[in-house]
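The structure appears right after this line, and notes come after that.
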Amino acid sequence: MAAVQNQLEIKFRLTDGSDIGPKSFPVATSVANLKESILAQWPKEKENGPRTVKDVKLISAGKILENNRTLGECQSPLCDIPGGVTTMHVVVQPPSSDKEKKGASQPKESKCVCVIL
């Protein structure tokens, strides 16, 4: 019975409504390992898939999960149904373009215009 409590059944919901899983993970699994699992199972026919773990955000119970946390630390008491499947939402961040990076690194000039009539 203890082995069952140390496992979580998780399915990953993609933005188009399709799912990856469900699959069973130990509660000691890190969020980064979950993301690696998502990358490995990502449907090949889907466009704009994640390239690295950094491109993936996992959301569970309305919270973005941090890579260095474990499933046990992120587990919500509301989602803790024995024998139930937990759904985590997957958001893929598109890689930022070089123009956005250059624009962010340059300080913006403040342009103040005053008109007195």
Side-chain angles (χ1 to χ4, degrees):
M1 190 74 175
V4 174
Q5 292 176 352
N6 291 329
Q7 296 278 326
L8 286 177
E9 194 79 17
I10 300 174
K11 71 178 174 181
F12 303 101
R13 174 80 31 101
L14 307 180
T15 54
D16 65 355
S18 61
D19 292 330
I20 296 176
K23 189 175 176 185
S24 189
F25 294 94
V27 294
T29 304
S30 72
V31 172
N33 287 345
L34 287 179
K35 290 180 179 183
E36 289 173 6
S37 176
I38 291 168
L39 286 174
Q41 297 178 34
W42 193 267
K44 302 299 181 210
E45 67 275 2
K46 298 213 182 283
E47 294 181 13
N48 301 328
R51 295 184 183 138
T52 66
V53 171
K54 292 181 181 180
D55 296 341
V56 178
K57 297 280 185 205
L58 279 179
I59 302 171
S60 179
K63 294 181 181 178
I64 297 174
L65 305 183
E66 299 172 18
N67 286 348
N68 58 348
R69 311 263 324 252
T70 65
L71 281 176
E73 294 171 339
C74 298
Q75 194 173 0
S76 170
L78 298 175
C79 300
D80 191 18
I81 301 170
V85 177
T86 301
T87 301
M88 292 188 179
H89 295 270
V90 179
V91 177
V92 178
Q93 289 183 308
S96 60
S97 67
D98 291 336
K99 290 181 182 179
E100 290 176 11
K101 289 180 182 176
K102 289 179 184 176
S105 64
Q106 296 174 349
K108 292 186 179 181
E109 295 178 21
S110 62
K111 296 180 181 179
C112 182
V113 178
C114 296
V115 178
I116 301 174
L117 298 174

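Starting from 1, each residue takes its place in the sequence as its number.
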Could you go step by step and tell me if Glu66 and Val31 meet the side chain to side chain contact (heavy atoms under 4.5 Å, CB included) rule? CA-CA 7 Å; Glu66 299 172 18; Val31 172; over 6 Å; no

Go through the steps for Thr86 and Leu71 under the test side chain to side chain contact (heavy atoms under 4.5 Å, CB included), then give the verdict. CA-CA 11 Å; Thr86 301; Leu71 281 176; over 6 Å; no

If you compare all heavy atoms of Gly21 against all heavy atoms of Lys11, which two are closest, and at what distance to 0.1 Å? C-CB, 4.2 Å

Heavy-atom nearest pair, Ala28 first then Thr70, reads O-CG2, 3.7 Å

How close do Gly49 and Trp42 get, heavy atom to heavy atom, and via which atoms? CA-NE1, 3.5 Å

Val27-Met88 co-clustered via ILVMFWY side chain contacts under 4.5 Å: yes

State, with a plain yes or no, whether a side-chain heavy atom of Thr15 is found less than 4.5 Å away from one of Val92. no

Partners of Glu73 by salt bridge (Lys or Arg N to Asp or Glu O under 4.0 Å), sequence neighbours excluded? Arg69

Roughly how far, to the nearest 0.5 Å, is CG of Asp19 from NE2 of His89? 9.0 Å

For a quick test of reading the model, state the closest non-hydrogen atom pair linking Ile59 to Ile64 and the distance between them. CG1-CG1, 4.1 Å

Side-chain contact test, heavy atoms from C-beta onward, threshold under 4.5 Å: evaluate it for Leu14 versus Pro43 and give yes or no. yes

Heavy-atom nearest pair, Lys23 first then Ser37, reads NZ-OG, 4.0 Å

Polar side-chain atom of Asp55 near backbone of Arg51 as donor-acceptor pair, under 3.5 Å: yes

Val90 vs Ile20, test: side chain to side chain contact (heavy atoms under 4.5 Å, CB included). Steps then yes/no. CA-CA 10 Å; Val90 179; Ile20 296 176; over 6 Å; no

With Lys46, which residues qualify under salt bridge (Lys or Arg N to Asp or Glu O under 4.0 Å), at least two apart? Asp16

Got a second to check how far Ile10's CD1 is from Ser60's OG, nearest 0.5 Å? 7.5 Å

Drop me the distance from Asn67's CG to Lys57's NZ, to the nearest 0.5 angstrom. 7.5 Å

I need the Lys54 NZ to Lys35 NZ distance, nearest 0.5 Å. 10.5 Å

Rounded to the nearest 0.5 Å, what separates atom CG in Leu8 from atom CG in Leu34? 9.5 Å

Would you name the heavy atoms of Gln7 and Ser24 that are closest together and state the gap between them? OE1-OG, 2.8 Å

